[in-house]
Participant: 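Structure provided below as structure tokens; questions to follow.
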Amino acid sequence: EAQVTQNPRYLITVTGKKLTVTCSQNMNHEYMSWYRQDPGLGLRQIYYSMNVEVTDKGDVPEGYKVSRKEKRNFPLILESPSPNQTSLYFCASRTGTGGADTQYFGPGTRLTVL
Amino acid sequence: AQSVAQPEDQVNVAEGNPLTVKCTYSVSGNPYLFWYVQYPNRGLQFLLKYITGDNLVKGSYGFEAEFNKSQTSFHLKKPSALVSDSALYFCAVRARYNNNDMRFGAGTRLTVKP
């Protein structure tokens, strides 16, 4: 089954404790993104990657890091989480062949930073 | 810069009645427009998209959307609502000149009552 998977689905942590949220897709998509969803704000792009070893900042990159060492994986790293990073996070992928291609989303990771 | 507005936080309709979820956008040039639906504890699922051509786009689950260039709108519609349509709906826009930037609206919660 074609899908985007994320782990963990739920995470409660404390301020300053480094964490990684994994994302993997099995559709051989070149393009992957991370979003955060906050009430009243919709989804905002954190980082995106156009291919292996090619990443760039989205609208809200502060406090986050990403890496793209393999085509299928795109982990999101919070080196020193803070309470304002409490949010619902989504990974997404698409073929990247053009602006009209459809983006596929993972199930989400609900992060709480105490 | 491109942006999307969903003017209604909440839409309530009775089962069997037609439904409309509104979306307006701001972008230079012709856009790509998308609708996604989010059910509780799930990721976003693609419903439909406008690329070019016919202004009426048909999508999944009986939904359709009408692209109106003069009013810069892309309203989502369904002739007869089901209780199972109750969910959070997001409109999104991607400019043709910027493949990397997809903007989402804040979302509209649709509630269909029996």
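Letters A, B, ... are given to chains in the order of the sequence lines, protein chains preceding strands, and every chain is numbered from 1.
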Participant: Under 4.5 Å between side-chain heavy atoms, counting indirect links through other Ile/Leu/Val/Met/Phe/Trp/Tyr residues: same cluster for B:Val37 and B:Leu48 or not?
Facilitator: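 Linked within one cluster.
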Participant: Does any heavy atom of chain B fall under 4.5 Å from the side chain of A:Tyr89, the backbone, both, or neither of them?
Facilitator: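 Nothing of A:Tyr89, per the 4.5 Å heavy-atom cut-off to chain B.
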Participant: Decide whether B:Phe74 and B:Leu110 are clustered together by the hydrophobic rule: side chain heavy atoms of Ile, Leu, Val, Met, Phe, Trp, Tyr closer than 4.5 Å, transitively.
Facilitator: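 Yes.
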Participant: Determine which residues belonging to residues 31-46 of chain A lie within contact range of chain B, meaning some heavy atom pair is under 4.5 Å apart, and list them by number or answer 'none'.
Facilitator: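 Listed by number, the contacting residues are A:Tyr31, A:Tyr35, A:Gln37, A:Gly40, A:Leu41, A:Gly42, A:Leu43, A:Gln45.
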Participant: Would you mind checking which part of B:Gln38 comes under 4.5 Å of any heavy atom in chain A, side chain (CB onward), backbone (N, CA, C, O), both or neither?
Facilitator: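 Side chain only.
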Participant: Do B:Phe63 and B:Val21 sit in the same hydrophobic cluster, where Ile, Leu, Val, Met, Phe, Trp and Tyr count as joined when their side-chain heavy atoms come under 4.5 Å apart?
Facilitator: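 The answer is yes; both residues are in one hydrophobic cluster.
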Participant: Hey, any chance B:Val27 and B:Tyr50 share a hydrophobic cluster, counting ILVMFWY side chains that come within less than 4.5 Å of each other, even indirectly?
Facilitator: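 Hydrophobic grouping puts B:Val27 with B:Tyr50.
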Participant: Side chain, backbone, both or neither: which part of A:Arg9 has a heavy atom under 4.5 Å from chain B?
Facilitator: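 Just its side chain gets close to chain B.
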Participant: Atom OH in B:Tyr32, atom CG in A:Asp101: separation rounded to 0.5 Å?
Facilitator: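 One finds 9.0 Å between OH of B:Tyr32 and CG of A:Asp101.
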Participant: Are more than 12 heavy atoms, taken from residues, nucleotides or ligands other than A:Lys71, located less than 6.0 Å from that residue's NZ atom?
Facilitator: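 More than 12 heavy atoms, drawn from other residues, nucleotides or ligands, come within 6.0 Å of this atom.
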Participant: In Å, rounded to the nearest 0.5 Å, how long is the span from CZ of B:Arg94 to CZ of A:Arg94?
Facilitator: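 With rounding to 0.5 Å, CZ (B:Arg94) is 3.5 Å from CZ (A:Arg94).
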Participant: Where do B:Arg103 and A:Asp59 come nearest, in terms of heavy atoms and distance?
Facilitator: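 Closest approach of B:Arg103 to A:Asp59: NH2-OD1, 3.0 Å.
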Participant: Side chain, backbone, both or neither: which part of B:Leu88 has a heavy atom under 4.5 Å from chain A?
Facilitator: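 Side chain of B:Leu88 only, per the 4.5 Å heavy-atom cut-off to chain A.
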Participant: Is B:Leu47 reachable from B:Val112 through a run of I, L, V, M, F, W or Y residues, each pair having side-chain heavy atoms under 4.5 Å apart?
Facilitator: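 As far as the 4.5 Å side-chain criterion goes, B:Leu47 and B:Val112 are connected within one cluster.
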Participant: So what's closer than 4.5 Å to chain A heavy atoms on B:Tyr36: side chain, backbone, both or neither?
Facilitator: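 Side chain of B:Tyr36 only, per the 4.5 Å heavy-atom cut-off to chain A.
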Participant: Non-hydrogen atoms of chain A under 4.5 Å away: do they reach the side chain of B:Arg42, the backbone, both or neither?
Facilitator: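 Interface part for B:Arg42: backbone (N, CA, C, O).
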Participant: In terms of heavy-atom proximity below 4.5 Å to chain A, should B:Asp9 be classed as side chain, backbone, both, or neither?
Facilitator: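 Neither the backbone nor the side chain of B:Asp9 comes within 4.5 Å of chain A.
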